[in-house]
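Read the structure below first, then the notes.
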Amino acid sequence: MPEIIPQDYFRHEDVVGIARDLIGKILVTNVENTITSAIIVETEAYNGPEDKACHAYNNRLTPRTEVMFKEGGIAYVYICYGIHRLFNVVTGPVGVGSAVLIRGVEPLLGLETMFIRRNNNQKMHNLTQGPGLVSQALGITTDHNGLPLLSTNAIWIENAKMVPDDQVIASARVGVEPSGPIWSKMPWRFRLKGNKWVSPAK
DNA sequence: ACTAGGATGGTCT
DNA sequence: GACCATCCTAGTA
């Protein structure tokens with residue numbers, strides 16, 4: 001029996017550690033009574049008020065960022081470039097606006113459904129590599145924003161064997177150049193070495 | 001292989 | 001009205 005990661009797990013302050021730890025864990029959704037699941041192979045940490053690349057930088061509180069300040073273990077979903085939904089896991093205690101962006105997953109269950117949602121004719125590549133595609137394939141929408149990660153809420157994360165450090169690459173985050181040389185270079189992007197489901201970005 | 005540009009809309013100044 | 005934590009297509013090679 002797979003064990004669902006309890007919400008407590010996401011409530012400590014070390015968002016970078018959580019991002020690293022989530023590599024290899026299983027993201028599961030149950031929308032319209034269909035289960036889809038996938039192994040998390042790429043993440044990025046957004047580290048609260050001090051991190052200029054983080055939406056909650058300087059504790060900026062807006063209707064959008066509100067859920068980031070809630071207790072860890074809930075979903076933060078926002079729309080990017082008007083088209084894509086990006087799924088994050090909120091971390092930290094109440095009042096700390098940090099989160100982990102899920103950037104790439106390796107499909108596990110519900111392949112048929114993912115192909116349909118992605119409108120992609122059985123082309124395995126491009127199915128779930130990239131944060132926008134992850135949400136498409138798993139059926140994640142802004143309806144999930146603010147939901148606790150519980151099986152009763154149709155979205156949750158299951159535990160899996162710890163991935164050893166020599167299998168994980170840490171590097172700079174993607175698409176955050178405007179945040180300046182310091183924050184854009186923090187090695188807070190994690191990916192599974194050699195996995196073909198990580199996003200194309202270098 | 002690679003690069004350039006367009007799609008498309010919420011959010012914030 | 002500018003700014004995006006992106007992806008896809010069409011062009012050239």
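By convention in this document, chain letters (A, B, ...) are assigned in the order of the sequence lines, proteins followed by strands, and residues within each chain are numbered from 1. For clarity, every value in this text was computed on a predicted model and none was experimentally measured. All heavy atoms count here, side chains included; hydrogens, waters and symmetry mates do not.
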Test side chain to side chain contact (heavy atoms under 4.5 Å, CB included) applied to [X] - qualifying residues, sequence neighbours left out:
X	answer
Ala38(A)	Val105(A)
Ser37(A)	Ile26(A), Val28(A), Leu108(A), Leu109(A)
Val96(A)	Glu13(A), Pro93(A), Ser98(A)

Show the atom names and distances, to 0.1 Å, of all donor-acceptor pairs under 3.5 Å that link a side chain in residues 57-64 of chain A to residues at least two apart or in another chain.
{"residue": "Thr62(A)", "atom": "OG1", "partner": "Arg64(A)", "partner atom": "N", "Å": "3.3"}
{"residue": "Thr62(A)", "atom": "OG1", "partner": "Thr65(A)", "partner atom": "N", "Å": "3.2"}
{"residue": "Thr62(A)", "atom": "OG1", "partner": "Thr65(A)", "partner atom": "OG1", "Å": "3.3"}

Cut-off 3.5 Å, no hydrogens considered: what does the side-chain donor-acceptor table look like for residues 147-161 of chain A, sequence neighbours left out?
{"residue": "Asn153(A)", "atom": "ND2", "partner": "Pro148(A)", "partner atom": "O", "Å": "3.2"}
{"residue": "Trp156(A)", "atom": "NE1", "partner": "Glu158(A)", "partner atom": "OE2", "Å": "3.0"}

Can you pull every protein N or O that's under 3.5 Å from an N or O on nucleotides 6-8 of chain B?
{"residue": "dT8(B)", "atom": "O2", "partner": "Tyr81(A)", "partner atom": "O", "Å": "2.5"}

Selection residues 133-150 of chain A - residue pairs positive for side-chain hydrogen bond (donor to acceptor under 3.5 Å, both in side chains), sequence neighbours left out: Arg118(A)-Gln136(A)
Quick one: is Arg85(A) getting a side-chain N or O under 4.0 Å of the dG10(B) phosphate, OP1 or OP2?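 Answer is no, no contact under 4.0 Å.
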Acceptor/donor pairs from residues 78-85 of chain A side chains to any protein atom, 3.5 angstrom cut, sequence neighbours excluded:
{"residue": "Arg85(A)", "atom": "NH2", "partner": "Ile83(A)", "partner atom": "O", "Å": "2.9"}

Salt bridge (Lys or Arg N to Asp or Glu O under 4.0 Å) partners for Asp166(A), two or more places apart: none
Looking at residues at least two apart in the chain, or sitting in another chain, which of them share a salt bridge (Lys or Arg N to Asp or Glu O under 4.0 Å) with Arg11(A)? Asp8(A), Glu71(A)
Give the residues of residues 56-77 of chain A touching DNA chain C, defined as any heavy atom closer than 4.0 Å, sorted by residue number. none
In which ranges does DNA chain C form stems of 3 or more consecutive Watson-Crick or G-U pairs, distances under 3.5 Å? B:1-7 with C:6-12, B:9-12 with C:1-4
